[in-house]
Amino acid sequence: MNWIEALVLGLIQGLTEYLPVSSSGHLAIGQALFGMEDGADNLMFTVAVHVATVLSTLVILWSEIDWILKGLFKFKMNDETKYALNIVVSMIPVGIVGVFFKDTVEEIFGSGLLVVGICLLLTATLLTFSYLAKPRQKENISWKDALIIGIAQACAVLPGLSRSGSTIATGLILGNKKESLAQFSFLMVIPPILGEALLDVMKAVKGEAVLGGIDTLPLCIGFLAAFISGCFACKWMINIVKKGKLIYFGIYCAIAGTATILFSLVG
């Protein structure tokens with residue numbers, strides 16, 4: 001992987017981690033267009049850019065994170081503690097899938113462009129349905145809604161099924177307010193992303209995977225590109241959700257999914 005490829009893929013990761021279009025799906029498409037195959041350099045790069053997007057979340061949503069932490073250290077049940085508990089509840093499904101079933105899911109469904117294209121169409125369908133649905137609005141995200149949103153996040157282990165798109169659209173369908181959903185969706189994704197990166201590192205330690213194989217310069221460029229574009233995309237996406245304009249991403253995912261399926265069949 002050269003520095004130009006790292007720059008492009010880093011920008012793709014940073015932007016698509018927050019936009020409801022699937023970062024894993026677009027990374028797979030980008031790697032296919034560059035003629036890359038799964039290997040040590042790709043794994044190392046994937047871990048690095050995912051950590052970069054987590055850091056961008058911490059920067060953009062630091063005031064919310066600081067609010068939660070201050071509330072937790074009061075050591076009593078308050079709004080901050082309830083919010084933190086909802087995040088923990090939302091992590092349960094993806095934690096179970098990530099630890100016990102991720103490899104099985106990948107073996108069954110694979111990670112080829114055909115799967116990516118189909119899942120992009122599923123993302124488009126979910127975003128469109130959330131736009132058309134008009135449920136009664138709720139004041140706060142309940143623990144039950146947090147669990148259902150967490151299940152939606154767990155389903156997004158499939159490449160092409162957007163993590164942010166699945167969680168935000170599910171929350172909207174459940175009737176949660178747009179103003180709070182984007183922030184909750186981005187905060188709840190921090191532990192799973194770090195956990196997935198940790199699992200990849202543990203696989204490397206056990207000899208089940210190899211993390212080396214990429215030069216320092218491309219790795220650093222990809223990391224910085226993912227971090228900077230992630231900061232931009234995170235802030236932009238929060239405003240987009242508040243304005244209720246997810247339907248445009250649904251249209252994009254439908255076009256991208258169809259094109260990806262055709263490309264996979266022709267190629």
Side-chain angles (χ1 to χ4, degrees), residues 17-20 22-24 54 57 61 63-102 104-105 119 122-158 161-196 234 237-238 240-247 249-250 253:
E17 182 63 52
Y18 300 102
L19 301 182
S22 177
S23 61
S24 60
V54 167
T57 308
L61 297 179
S63 60
E64 287 76 13
I65 296 171
D66 183 55
W67 170 73
I68 294 172
L69 292 176
K70 287 180 179 178
L72 288 176
F73 282 107
K74 292 178 182 178
F75 299 105
K76 64 180 182 179
M77 186 58 68
N78 49 34
D79 290 340
E80 298 93 321
T81 304
K82 292 177 181 177
Y83 196 95
L85 288 175
N86 281 343
I87 291 178
V88 172
V89 169
S90 73
M91 291 163 46
I92 294 174
V94 72
I96 294 173
V97 172
V99 174
F100 299 106
F101 301 109
K102 187 175 185 293
T104 303
V105 171
C119 288
L122 290 175
T123 299
T125 302
L126 188 58
L127 291 173
T128 302
F129 188 71
S130 70
Y131 175 78
L132 297 175
K134 304 295 181 182
R136 187 177 65 178
Q137 294 290 295
K138 303 175 183 178
E139 287 299 321
N140 299 301
I141 299 174
S142 67
W143 70 266
K144 292 181 180 179
D145 285 358
L147 180 61
I148 296 173
I149 294 171
I151 293 173
Q153 179 178 229
C155 293
V157 298
L158 294 171
L161 190 56
S162 169
R163 194 194 316 251
S164 62
S166 298
T167 54
I168 293 173
T170 300
L172 290 174
I173 293 170
L174 291 172
N176 292 289
K177 289 186 176 180
K178 301 171 184 176
E179 292 78 6
S180 59
L181 260 178
Q183 291 180 355
F184 183 79
S185 174
F186 296 156
L187 288 173
M188 67 181 277
V189 82
I190 293 176
I193 290 179
L194 291 177
E196 186 175 357
C234 183
M237 187 60 193
I238 291 174
I240 289 175
V241 174
K242 289 180 179 178
K243 295 177 181 178
K245 295 184 178 181
L246 294 181
I247 185 62
F249 293 101
C253 286

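Because only heavy atoms are used, hydrogens play no part in the values below, and waters and symmetry mates are left out as well, while side chains stay in.
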Considering all heavy atoms of both residues, which atom of F184 and which atom of Y83 are nearest to each other, and what is their separation?
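So the minimum-distance heavy-atom pair works out to CA-OH, 3.3 Å.
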So [Y] and [X], do their side chains get closer than 4.5 Å, heavy atoms only?
X: K74; Y: T81; value: no
X: I247; Y: T128; value: yes
X: I173; Y: L126; value: yes
X: I149; Y: S90; value: no
X: Q153; Y: M91; value: no

Distance, nearest 0.5 Å, that separates [atom1] of [X] from [atom2] of [Y]:
X: I92; Y: L147; atom1: CD1; atom2: CG; result: 6.5 Å
X: N86; Y: L187; atom1: CG; atom2: CG; result: 12.0 Å
X: L246; Y: L19; atom1: CG; atom2: CG; result: 10.0 Å
X: L161; Y: C155; atom1: CG; atom2: SG; result: 7.0 Å
X: L174; Y: I141; atom1: CG; atom2: CD1; result: 9.5 Å
X: W143; Y: I148; atom1: CH2; atom2: CD1; result: 9.0 Å

* Asked: Are side-chain N/O atoms of D66 and S63 paired as donor and acceptor at under 3.5 Å?
  ->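 On atom types as modelled, these side chains do not qualify, holding no pair under 3.5 Å.
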